[in-house]
Amino acid sequence: MRAYIASTGFHVPPNRVTNFDLVTRYGIDTTNEWIVQRTGIEARHFSADGEGTADIALPAARDAIARAGLEAGDIDLIVFATLSPEHAFPGSGCVLQALLGLPGVPAMDVRNQCSGFLYALASAKGFVESGMAKNVLVVGGEKHSAALDLTTAGRAVACLFGDGAGAVVVRGTKDSEPNKDRGIHWMNLGADGRYADALTQKVWDNRKSPFIWKDPETGKNVVKPEMMWCQMDGKLVFKNAVEKMILSVVGMCMENKIEPSDLDLVVCHQANMRINEYVRDQLGLPPEKVPNNIQKYGNTTAATIPILLAELERDGRLKSGMKVALVGFGSGFTWGSAYIIW
Ligand code: UT7
């Protein structure tokens, strides 16, 4: 038996915020040209006040469950990848489980940022192939908008991220399966914690007591701006992302005895279109094999890969039997890749 992705689903909140809106609505000193030229991003979606990560994920989860021909009650495990849970604890997996009305069903969070979906998919593959679960709902969902410094001081990071969620149902192949090769054939995960500070949103530091800094003059606990907002060494992240993503796909091809040109699609994490163009060029692949949707959604972190898979499936670019690579890189540093026959 081999685990496979039986269906995809996605949702982005309706409020679309263009690069021009960042200038006119938020008063940020930036330009559409700067953002498009450096990142390829033209717009992102921001959710409403009062709407949390699991709320954004709920329509995506329902979409994936319905497209798998299942009812919510058929799901026997939820794996939720996010760096933006509603609270420090419990995780968004539990919140989503309650929204789906599935008391008793195990739910867990994966905290691996931009590689979160791939780490969650690997977990689901393990659960299914070991026989511990039958129908795993794997979700990548983020609400970034509440944690962005939407002022000129925060422009280098704020222009990159958007809200959204993608979901897939992972099941095991049956002996009667007509598409014998179907499934997640191979996965590889990696991390290098020496770079933990290169892309981080700290908020608190529990090496100190109290874990949120106390102003000695006022006696009040205060989250300083450098702790509140995401801090990123953009150039270092860019360089490592390119290197690790190329090596991941090349390693995948070697392990599976295929050439990059044998791949029908390479579905990259959507952090920066320039990163993905570089990866594409180094692999010698044409643009149609390395699709992007960052133009529309920005970087939705754990949600980028499942959202893109869902869109590709909807518009007929992702079809049964295709050889597909998934690859991502992000904070931690963490990275991962998957070789799938769809
Ligand atoms: O999923 C992983 C998440 N992150 C990534 O993958 C990000 C990888 N890194 C990147 O994509 C790029 O580093 C960025 C697009 C984030 C930034 O590009 P950069 O070429 O590294 O720009 P920079 O941060 O070095 O900034 C260059 C200039 C600075 O001005 P000065 O100091 O040269 O006068 C910035 O203040 O651009 C300025 N700048 C902006 N200007 C207009 C930074 N952000 C903006 C902005 N609009 N939004």
Side-chain angles (χ1 to χ4, degrees), residues 17-44 81-84 110-119 140-142 144-145 147-164 166 189-193 195-201 229-246 248 267-280 290 292-295 297-308 326-337:
V17 178
T18 65
N19 294 341
F20 297 102
D21 291 331
L22 292 179
V23 180
T24 55
R25 273 161 63 181
Y26 295 94
I28 301 176
D29 178 13
T30 187
T31 63
N32 180 56
E33 289 73 27
W34 193 98
I35 301 171
V36 171
Q37 210 174 58
R38 308 271 173 134
T39 70
I41 298 166
E42 293 165 21
R44 73 288 292 146
T82 186
L83 66 68
S84 51
V110 167
R111 295 282 311 277
N112 283 69
Q113 302 70 250
C114 299
S115 317
F117 179 75
L118 292 165
Y119 273 75
E142 306 287 357
H144 283 308
S145 55
L148 296 174
D149 177 7
L150 288 160
T151 70
T152 297
R155 65 184 179 177
V157 168
C159 70
L160 303 176
F161 293 96
D163 301 345
L189 304 173
D192 190 345
Y195 295 99
D197 281 341
L199 180 46
T200 176
Q201 185 189 10
W229 310 120
C230 165
Q231 306 293 314
M232 176 171 73
D233 182 340
K235 287 190 170 55
L236 185 70
V237 175
F238 194 106
K239 181 176 161 289
N240 279 273
V242 165
E243 190 183 297
K244 289 289 184 304
M245 286 168 73
I246 294 169
S248 284
V267 178
C268 294
H269 167 54
Q270 305 286 300
N272 184 322
M273 193 135 86
R274 308 300 159 231
I275 293 178
N276 295 353
E277 286 169 348
Y278 200 80
V279 171
R280 179 193 78 201
V290 189
N292 291 296
N293 62 3
I294 191 170
Q295 305 89 319
Y297 306 128
N299 182 350
T300 56
T301 309
T304 63
I305 291 176
I307 291 178
L308 184 52
L326 312 182
V327 61
F329 174 91
S331 160
F333 290 147
T334 57
W335 58 91
S337 56

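Whatever order the structure lists them in is the order used to number ligands and atoms, beginning at 1.
- No side-chain donor-acceptor contact under 3.5 Å links Asp29 to the backbone of Thr152.
- Between the choices Asp29, Thr304, Val237, the shortest heavy-atom distance to atom 5 (C) of ligand 1 belongs to Val237.
- For the side chain to side chain donor-acceptor pair (under 3.5 Å) test with His144, the passing option among Asn299, Thr300, Thr301 is Thr301; the others fail.
- If you number the atoms of ligand 1 from 1 as listed, the ones under 4.0 Å from a heavy atom of His269 come out as 1 (O).
- With distances taken over non-hydrogen atoms, the option nearest atom 12 (C) of ligand 1 out of Val242, Ile275, Leu199, Asn272 is Asn272.
- Among all protein heavy atoms, the one lying closest to atom 29 (C) of ligand 1 is Arg155 NH2, 4.9 Å.
- In terms of protein heavy-atom proximity, atom 17 (C) of ligand 1 is closest to Trp34 CH2, 4.0 Å.
- The protein heavy atom nearest to atom 15 (C) of ligand 1 is Thr39 CG2, 3.7 Å.
- For atom 7 (C) of ligand 1, the protein comes within 4.0 Å by at least one heavy atom.
- Put simply, the side chain of Glu142 gets close to the backbone of Ser84: a donor and an acceptor are under 3.5 Å apart.
- Taking every heavy atom of Ala271 and a limit of under 4.0 angstrom, the matching atoms of ligand 1 come to 1 (O), 2 (C), 6 (O).
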Derivation and outcome, side chain to side chain donor-acceptor pair (under 3.5 Å), residues Gln231 and Thr200: CA-CA 5 Å; Gln231 306 293 314; Thr200 176; over 6 Å; no
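- Atom CD1 of Ile35 and atom CD1 of Ile28 lie 7.5 Å apart (nearest 0.5 Å).
- Between the side chain of Asn19 and the backbone N or O of Ile41, at least one donor-acceptor pair lies under 3.5 Å.
- Among all protein heavy atoms, the one lying closest to atom 46 (C) of ligand 1 is Thr30 OG1, 3.3 Å.
- Nearest to atom 21 (O) of ligand 1 by heavy atom, out of Lys235, Met273, Arg274, Met232, is Lys235.
- The heavy-atom pair separating Phe117 from Gly140 by the smallest distance is CD1-N, 4.5 Å.
- In the displayed structure, Tyr278 atom OH is contacted under 6.0 Å by at most 12 heavy atoms of other residues, nucleotides or ligands.
- With a 4.0 Å cut-off on non-hydrogen atoms, Asn299 touches ligand 1 through its side chain and not its backbone.
- Of the protein's heavy atoms, at least one falls inside 4.0 Å of atom 44 (N) of ligand 1.
- Of all protein heavy atoms, the one closest to atom 9 (N) of ligand 1 is Gly234 O, 3.0 Å.
- For the pair Cys114 and Thr304, the minimum side-chain heavy-atom distance is 4.5 Å or more.
- An N or O contact shorter than 3.5 Å is missing between Cys114 and ligand 1 by distance.
- At the top of the distance list for atom 27 (C) of ligand 1, counting protein heavy atoms only, stands Arg38 NH1, 3.7 Å.
- In this structure, atom 48 (N) of ligand 1 is in close contact with the protein, since a protein heavy atom lies within 4.0 Å of it.
- Counting heavy atoms closer than 4.0 Å to ligand 1, residue Gln113 contributes nothing at all.
- Contact atoms of ligand 1 toward Cys159: 48 (N) (distance under 4.0 Å to a heavy atom of the residue).
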